[in-house]
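Structure first, then comments.
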Amino acid sequence: MGFPPKDVKITSDVPISLMIEKHVDFITKFGSDKDAYEYQMTEYLRMSGIYWGLTALDLCGKLNNFDKEEILSLIKSSQHPCGGIGASPNHDPHLLYTLSAVQILVT
């Protein structure tokens, strides 16, 4: 069995530590431009994406870097009379997004 060739050379001047603040800035600013193409095209996974983002912020120790009221409002507006929650407002309820919403609420 051979060894795969190295396709990337890592030089000695690259950072050796995780740049937590850069990651936190990216995550917190990702959904801020609601008119952006990427924001509109990811509507179908909004609830799960928020959960993933909050989990990443929690792992970075920066869970307080989000607008709690905006997220709670999104969850409420995505809930249906049956109790299930959709990916975002006007989406059908689904078990996956209901789970994501519950995970967000307990985070």
Side-chain angles (χ1 to χ4, degrees):
M1 177 181 232
F3 293 98
K6 291 185 179 182
D7 59 347
V8 176
K9 295 214 183 252
I10 300 175
T11 61
S12 62
D13 62 337
V14 297
I16 58 171
S17 61
L18 181 63
M19 297 181 179
I20 289 179
E21 288 307 316
K22 287 193 176 275
H23 289 281
V24 169
D25 287 344
F26 176 81
I27 293 166
T28 55
K29 291 178 184 174
F30 183 75
S32 62
D33 184 5
K34 303 211 182 331
D35 293 326
Y37 176 77
E38 292 83 4
Y39 184 86
Q40 297 299 322
M41 294 308 295
T42 58
E43 182 181 58
Y44 69 96
L45 55 78
R46 182 86 57 237
M47 199 65 66
S48 294
I50 291 172
Y51 169 68
W52 299 328
L54 289 177
T55 300
L57 289 175
D58 191 23
L59 290 171
C60 292
K62 304 289 185 173
L63 192 55
N64 58 347
N65 287 31
F66 69 95
D67 185 354
K68 187 175 187 177
E69 292 304 316
E70 182 180 2
I71 292 174
L72 291 175
S73 174
L74 176 72
I75 292 172
K76 289 177 186 175
S77 64
S78 300
Q79 189 170 17
H80 291 260
C82 67
I85 297 172
S88 62
N90 302 317
H91 283 243
D92 292 336
H94 191 279
L95 182 60
L96 173 64
Y97 304 116
T98 303
L99 170 64
S100 292
V102 170
Q103 291 171 315
I104 290 167
L105 293 171
V106 298
T107 299

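As the structure is a prediction and not an experimental result, all values here were calculated from the model. Numbers here are sequence positions counted from 1.
Expressed to the nearest 0.5 Å, how far CG of Leu59 lies from CD1 of Ile20 amounts to 10.0 Å. From Ser88, atom OG reaches atom CD1 of Ile50 across 9.0 Å, with rounding to the nearest 0.5 Å. Rounding to the nearest 0.5 Å gives a distance of 11.5 Å between CD of Glu43 and NZ of Lys34.
Using modelled atom types, no side-chain atom of Arg46 and backbone atom of Pro89 make a donor-acceptor pair closer than 3.5 Å. His94 places a side-chain N or O within 3.5 Å of a backbone atom of Leu96 that can act as its donor or acceptor partner. Looking only at distances, a side-chain donor or acceptor of Thr28 sits under 3.5 Å from a matching main-chain atom of Val24. Between the His80 side chain and the His91 main chain, a donor and an acceptor come within less than 3.5 Å of each other.
Enclosure of atom CG in Asn64 by more than 12 non-hydrogen atoms of other residues, nucleotides or ligands within 6.0 angstrom is indicated. Enclosure of atom NZ in Lys22 is not indicated, since only 12 or fewer non-hydrogen atoms of other residues, nucleotides or ligands lie within 6.0 angstrom. The local environment of CZ in Phe26 is sparse, with at most 12 non-hydrogen atoms from other residues, nucleotides or ligands closer than 6.0 Å. Annotation: Leu18, atom CG; neighbour count of heavy atoms from other residues, nucleotides and ligands within 6.0 Å is above 12.
With Ile71 as the partner, the side chain to side chain contact (heavy atoms under 4.5 Å, CB included) test is satisfied by one option alone out of Leu105, Ile104, Thr107: Ile104.
Using a 4.5 Å heavy-atom cutoff, the side chains of Met19 and Pro15 are in contact. Two residues are said to be in side-chain contact when any heavy atoms from C-beta on lie closer than 4.5 Å; Ile85 and Pro93 fail this criterion. With contacts defined as side-chain heavy-atom distances shorter than 4.5 Å, the pair Lys62/Ile27 does not qualify.
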- Please report the C-alpha distance between Tyr39 and Asp33 in whole Å, then the side-chain angles of each, then the deciding distance to 0.1 Å, and finally whether the side-chain contact (heavy atoms from CB on, under 4.5 Å) criterion is met. CA-CA 7 Å; Tyr39 184 86; Asp33 184 5; over 6 Å; no
- Item | Worked verdict on Ile75 versus Met47 for side-chain contact (heavy atoms from CB on, under 4.5 Å) | CA-CA 8 Å; Ile75 292 172; Met47 199 65 66; 3.8 Å; yes
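Counting all heavy atoms, side chain and backbone alike, Tyr44 lies closest to Tyr97 at O-OH, 3.0 Å.
There is a path of hydrophobic side-chain contacts, each under 4.5 Å, that joins Leu63 to Trp52. In this structure, Val102 is not a member of the same hydrophobic cluster as Leu72, with clusters built from ILVMFWY side-chain heavy atoms closer than 4.5 Å. No single ILVMFWY cluster, assembled from side-chain heavy atoms under 4.5 Å apart, contains both Val106 and Leu99.
Checked by atom type, the side-chain pair Ser48/Ser100 shows a donor-acceptor distance below 3.5 Å.
Under 4.0 Å is where a charged nitrogen must lie from a carboxylate oxygen, and between Lys29 and Glu38 no such pair does.
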